[in-house]
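These notes concern the structure reproduced below.
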Amino acid sequence: MKVTLKVWRQKNATSAGEFKTYSSPELNENMSFLEMLDVINEDLAIKGEEPIAFDHDCREGICGTCSLVIDGKPHGPHKGVATCQTYMRSFKNGDEIVIEPWRAKAFPIIKDLVCDRKAFDRIQHAGGFISVRTGAAPDANSIPVPKEDADLAMDAAQCIGCGACVAACKNASAMLFVAAKVSHLGLMPQGQPERYKRVKAMVDQMDAEGFGSCTITGSCEAVCPKEISLDFIARMNRDYAVALFKGEPKKTAGGGAG
Amino acid sequence: MTLVQQIFHSSLGRKYVAALTGAGLFFFLIGHLAGNLQIFGPPDLINGYAHFLKSKPLMVWGARLGLLACVGLHLYAVISLAMESKAARPVAYAGGAAYGSAWRSRYMMVSGLVILAFVVYHLAHFTALLPGINGFGDFSKLKTELKDAGEVPDVYAMMVLGFRVWWVTLFYLIAQALLFVHLGHGLSAMFQSLGLRNHVWWPRIQIFAKVFSTALLIGYISIPIAITLGLGRDYSDRAKAGLNMPLGQQSAPQQGPADALVLK
């Protein structure tokens with residue numbers, strides 16, 4: 001099969017970008033989408049042109065590095081998979097495929113299809129952790145966790161932080177990502193001590209990064225490669241309201257045994 | 001920062017404001033519809049109700065100020081959020097509509113702004129009674145006699161004559177259709193914004209939104225449609241004829257029990 005690609009090319013963060021059209025050589029329909037781009041890039045390299053820059057790493061759908069808005073949908077035509085697990089058999093011979101980077105002010109483009117997603121790291125640094133001495137592995141079941149809570153926390157913990165939710169949202173909102181990270185820890189007993197401090201810090205960081213707000217369109221849930229539910233956003237909204245109304249903790253003089 | 005500052009500073013806080021003020025306006029819509037549906041009774045019913053409201057200025061003005069605050073806060077919250085959201089994507093995608101988004105959610109701003117324009121018109125039409133905009137003339141001249149209150153504004157005739165102007169009716173119908181779209185999303189979204197949702201309640205909340213947005217649509221459009229089909233025509237003709245009489249000879253239009261049943 002052969003396809004035509006309309007790809008966003010942008011030299012660097014400060015230059016203006018534009019779409020360029022490329023014709024593929026003969027492709028195997030069982031190639032992954034990223035392998036198809038590898039083939040195109042080989043061609044470009046041989047011709048002495050600059051290869052198309054795109055993010056990729058594990059290529060098995062668990063690292064969250066690959067991105068690409070393919071024909072208007074982040075991660076390509078299928079539900080619940082990342083770009084790396086999209087295959088050329090999902091397209092028809094002769095198709096024109098439009099490939100764009102994630103587009104959001106908080107995800108500035110570095111080059112071509114690669115954008116800077118460090119905003120997500122900064123949100124994580126603001127509160128996406130628990131403060132404990134890790135030490136040796138504790139006994140299993142030393143802290144009882146209801147099965148339903150564990151399952152729900154695992155659903156949230158599936159988030160690979162790819163940013164497709166931001167890319168898909170008409171408001172470029174990061175709510176689904178932040179909600180997944182907040183809920184993943186907030187559902188577990190180990191996450192309780194910092195539960196409200198966490199949600200407050202992470203949401204405030206999200207706002208500071210310049211993401212848009214949630215208008216509950218459902219785009220994020222529709223494109224999430226891990227199919228994370230909008231329910232988690234409601235959970236975060238609830239926790240944030242509690243955090244606001246609890247107010248700042250009482251100031252202490254410090255010292256003590258700790 | 002104080003709590004109020006924090007609420008207005010954060011995006012989630014402004015979503016709470018939008019949801020709560022939206023809920024307030026939704027309750028008003030129910031009450032307002034209940035009041036208006038009295039048009040289907042005899043003329044004295046709605047005229048008496050209007051007179052009752054007029055005689056309680058503290059209650060009415062309290063409600064009006066509350067509603068004004070709701071509208072103002074709702075607008076401030078959603079417009080400031082929408083501007084931030086617009087800024088959050090400086091370069092648009094080449095492709096069209098946002099993938100997988102619920103269509104109603106994409107038209108909240110458009111539907112909301114048309115509803116706002118409608119509300120301004122509606123207030124000028126039936127509250128301020130501006131003569132130039134109703135396609136009829138001076139509504140404030142329409143008076144009727146009420147048994148216990150004497151001469152009162154003839155709200156029944158006003159509504160019937162108001163909706164016998166086709167373009168007024170058309171604008172009302174368009175606005176109600178957009179309100180239906182707005183509420184179809186808004187009534188479920190407000191639960192989400194306030195965090196009142198989980199996998200058990202979400203399907204119920206969506207049914208709630210569908211049922212109430214549809215019920216309000218049917219309730220509100222039933223009035224202009226019934227009037228277009230002939231409700232109160234004889235009564236309003238007599239009220240109109242009364243206006244053309246020389247001053248002093250004007251009398252309340254004769255009310256027969258048949259007036260409310262013209263649709264038969």
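Convention: sequence-line order gives letters A, B, ...; per-chain numbering from 1. Owing to the predicted nature of the structure, the values given are computational and were not obtained by experimental measurement.
A donor-acceptor contact shorter than 3.5 Å links the side chain of N237(A) to the backbone of Q192(B). A side-chain donor-acceptor contact under 3.5 Å links E100(A) to the backbone of A94(B). For the pair R89(B) (side chain) and C169(A) (backbone), a donor-acceptor distance under 3.5 Å is present. Looking at Y93(B), its side chain does come within 3.5 Å of a backbone N or O of A167(A) through a donor-acceptor pair. The closest donor-acceptor contact from the side chain of K15(B) to the backbone of C214(A) lies under 3.5 Å. Checked by atom type and distance alone, the side chain of S85(B) pairs as donor or acceptor with a backbone atom of S213(A) at under 3.5 Å. Looking only at distances, no side-chain donor or acceptor of Y99(B) sits under 3.5 Å from a matching main-chain atom of V223(A). Side-chain atoms of H9(B) never come within 3.5 Å of backbone atoms of D204(A) as a donor-acceptor pair (strictly under, hydrogens ignored).
Neither the backbone nor the side chain of A82(B) has a heavy atom closer than 4.5 Å to any heavy atom of chain A. Proximity to chain A is limited to the side chain of Y16(B), based on heavy atoms less than 4.5 angstrom apart. Residue L3(B) touches chain A through its side chain alone, counting heavy-atom pairs closer than 4.5 Å.
Looking only at atom types and distance, the side chain of S11(B) has a donor-acceptor partner in the side chain of D207(A) under 3.5 Å away.
Inter-residue side-chain proximity for M108(B) and I216(A) is flagged as unmet; no heavy-atom pair is nearer than 4.5 Å. Taking the side chain as every heavy atom from C-beta outward, S229(A) and W202(B) never approach each other to under 4.5 Å.
Residues of residues 208-225 of chain B never come within less than 4.5 angstrom of chain A, heavy atom to heavy atom.
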